[in-house]
Amino acid sequence: MSPSGARGLLNLRILQIRVCELMEEVIIEEEEQGDEIMCNEPLFPQLEELELENLPKLRHFILTKQALEFPFLKLVEIHYCPEMKMLVQQRSVSTSSLKSVNNDDELKVVDLNKAMFNSKVSCPDLEKLYIYADITALYSHQLPTAYFSKLKELGVRNCGKLRHLMSPSVARGLLNLQTLGIKGCQSMEEVITEEEQEGEENMTNEPLFPLLEELILDKLPKLGHFFLTKRALEFPFLREVKIRKCPEMKIFVQHGSVSTPSLEIVNNDDEVKVDDLNEWIHQRFNSKEEDGSEFEASHEDGSKSEASHEDGSKSEASHEDGSKCEASQEEDGSESEDSMSDGRS
């Protein structure tokens with residue numbers, strides 16, 4: 001649609017776009033001043049759910065120079081959009097020497113356009129985020145710590161160029177994250193990376209995902225560790241862990257322990273007792289017999305438990321009977337090995 005058409009949808013709450021093979025952007029510029037038409041108008045001010053699926057040529061949601069806010073957006077799902085690298089692309093000016101965007105920061109346009117989320121896109125109420133797209137970065141470097149403060153479920157799958165998921169400063173802002181699932185990211189080497197020398201120091205006294213209940217790491221051939229830190233970690237509410245086909249993962253953290261007092265299920269085994277996740281990984285994944293793949297065969301049967309959890313979505317089961325997105329995945333010939341194991345809730 002055009003900017004003028006978009007600004008008239010003041011009560012739109014759910015936007016779903018699926019299987020449009022030629023779509024390159026959702027909102028286009030109709031004229032040179034098209035972007036200016038929307039400068040003082042909110043874009044979908046009541047939007048709560050955004051689903052983009054099976055759009056092979058989609059590059060971005062909108063190309064704009066302005067900052068956008070979606071104050072009520074709670075769910076974002078991006079599936080099978082291989083060309084999409086960013087949600088909102090910042091339109092650059094005609095000079096390559098541009099140093100900043102507006103006067104309130106030092107963000108370069110090139111940095112903004114490398115990430116799915118950046119400081120020019122605000123989603124303060126976002127609770128569920130699922131991405132299956134070939135992104136190179138989840139967010140831009142200057143993203144505020146509290147950007148994902150309300151996020152409860154995060155799932156990423158088949159992001160082949162993603163080498164890490166987030167920095168310590170962003171991780172410490174996810175105080176409400178309950179489910180984290182990462183699958184099929186061929187280049188991922190670590191989940192949390194240090195952005196600067198002082199990056200780890202910034203987290204010294206901060207809890208890491210204090211409400212995390214479920215963690216899935218699956219088919220990550222280059223993953224060496226979760227977080228390269230020397231401090232002890234505690235996940236007081238972590239109940240279930242699945243780590244499969246991560247042959248290079250020998251430790252969870254560099255040194256120290258990883259306390260999981262509430263852990264009940266490890267790789268679908270509800271009888272194993274794991275007090276220190278770091279020690280468990282060290283023992284299991286350093287042995288030749290047990291390299292993290294021995295449980296794979298038992299889970300390729302499409303069981304409800306696996307399909308509902310391994311993408312980072314703890315609410316999958318509740319959507320099986322009425323999820324349009326899931327139905328369309330099965331009908332259009334998409335992968336069926338794990339139902340919606342790409343991050344769909």
Side-chain angles (χ1 to χ4, degrees), residues 76 85-88 90 101 104-124 126 129-131 133-157 159-183 185-212 215-217 220 222-235 246 249 251-256 258 278 312 343:
V76 173
K85 303 296 187 294
M86 66 219 70
L87 187 64
V88 176
Q90 295 294 318
V101 181
D104 59 346
D105 57 47
E106 297 180 354
L107 287 176
K108 294 181 180 180
V109 168
V110 64
D111 182 49
L112 291 173
N113 286 337
K114 283 183 178 180
M116 182 62 70
F117 291 90
N118 58 60
S119 61
K120 296 301 178 183
V121 185
S122 176
C123 308
L126 189 63
L129 174 61
Y130 309 107
I131 297 179
D134 198 16
I135 61 174
T136 56
L138 179 63
Y139 59 91
S140 62
H141 293 299
Q142 300 294 329
L143 201 67
T145 297
Y147 190 92
F148 293 116
S149 62
K150 292 189 178 182
L151 196 65
K152 295 180 179 179
E153 300 179 14
L154 174 59
V156 297
R157 178 179 177 181
C159 299
K161 298 178 182 178
L162 203 60
R163 296 181 60 186
H164 64 267
L165 188 62
M166 64 186 70
S167 67
S169 61
V170 171
R172 67 176 177 169
L174 275 71
L175 299 178
N176 292 297
L177 190 68
Q178 298 175 8
T179 304
L180 175 60
I182 307 171
K183 178 176 179 180
C185 299
Q186 300 299 310
S187 300
M188 183 165 291
E189 299 173 358
E190 55 189 350
V191 176
I192 301 175
T193 187
E194 289 188 83
E195 50 193 352
E196 299 173 353
Q197 289 296 321
E198 66 272 16
E200 186 178 340
E201 296 176 6
N202 289 338
M203 288 190 65
T204 301
N205 298 316
E206 297 286 345
L208 180 66
F209 310 140
L211 297 183
L212 190 66
L215 173 66
I216 299 104
L217 304 173
L220 308 173
K222 293 186 177 181
L223 187 70
H225 50 265
F226 185 82
F227 182 25
L228 196 58
T229 179
K230 295 181 181 180
R231 72 187 187 96
L233 299 179
E234 181 178 6
F235 298 95
C246 301
M249 190 175 187
I251 56 173
F252 194 82
V253 296
Q254 185 178 15
H255 296 292
V258 182
N278 205 40

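This structure is a prediction, so every number in the text was calculated from the model and none was measured. Along the sequence shown, residues are numbered consecutively beginning with 1. These numbers come from the heavy atoms of this one structure, side chains and all, not from hydrogens, waters or symmetry mates.
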Restricting to side chain to side chain contact (heavy atoms under 4.5 Å, CB included), what partner residues turn up for Gln186, sequence neighbours left out? Pro221
Spell out, as yes or no, whether a donor-acceptor pair under 3.5 Å connects the side chain of Ser187 to the backbone of Leu162. no
Pair Phe252 and Phe226, ring centroids less than 6.0 Å apart: yes
Option from Val170, Leu154, Thr193 for which side chain to side chain contact (heavy atoms under 4.5 Å, CB included) with Leu165 holds: Leu154
Closest approach of Asn118 and Val88, non-hydrogen atoms and distance? ND2-O, 3.8 Å
Between the CG atom in Leu180 and the CG atom in Leu151, the distance rounded to the nearest 0.5 Å is 9.5 Å
Within this structure, what is the CD1-CG distance for the pair Ile182 and Leu223, rounded to the nearest 0.5 Å? 7.5 Å
Do any N or O atoms from the side chain of Asn278 and from the backbone of Val253 form a donor-acceptor pair under 3.5 angstrom? yes
For Glu189, check salt bridge (Lys or Arg N to Asp or Glu O under 4.0 Å) against everything at least two apart and list the hits. Arg163
Tell me every residue that passes side chain to side chain donor-acceptor pair (under 3.5 Å) with His225, counting only those two or more places apart in sequence or in another chain. Glu190
Distance col, row Thr229:OG1 vs Leu208:CG, nearest 0.5 angstrom, shows 9.0 Å
At their closest point, which heavy atom of Cys159 faces which heavy atom of Ala133, and how far apart are they? SG-O, 3.1 Å
Could you go step by step and tell me if Leu138 and Leu129 meet the side-chain contact (heavy atoms from CB on, under 4.5 Å) rule? CA-CA 11 Å; Leu138 179 63; Leu129 174 61; 4.1 Å; yes
Quick check for you: to the nearest 0.5 Å, what is the distance between Ser149 atom OG and Leu174 atom CG? 8.5 Å
If I compare all heavy atoms of Leu177 with all of Glu153, which pair ends up nearest, and what's the gap? CD1-N, 4.0 Å
Specify the closest pair of heavy atoms between Ile192 and Ala171, including all atoms of both residues, with the distance to one decimal. CD1-CB, 3.9 Å
Give, for atom SG of Cys123 and atom OH of Tyr147, the distance between the pair rounded to the nearest 0.5 Å. 4.5 Å
Would you say the side chains of Ser167 and Tyr139 form a donor-acceptor pair under 3.5 Å? yes
Before giving the answer on side-chain contact (heavy atoms from CB on, under 4.5 Å), spell out for Val191 and Phe227 the whole-Å C-alpha distance, their side-chain angles and the decisive distance to 0.1 Å. CA-CA 6 Å; Val191 176; Phe227 182 25; over 6 Å; no
Can you check side-chain contact (heavy atoms from CB on, under 4.5 Å) on Lys161 and Ile135, steps first, answer last? CA-CA 6 Å; Lys161 298 178 182 178; Ile135 61 174; over 6 Å; no
Quick one: closest heavy-atom pair of Leu212 and Thr179, and the distance? CD1-N, 4.0 Å
Does the side-chain contact (heavy atoms from CB on, under 4.5 Å) test come out yes or no for Phe235 and Leu211, once each step is laid out? CA-CA 7 Å; Phe235 298 95; Leu211 297 183; over 6 Å; no
CE-CG distance between Met249 and Leu220, expressed to the nearest 0.5 angstrom: 9.0 Å
So which heavy atom on Met86 is nearest to which on Ala115, and how close? CB-O, 3.1 Å
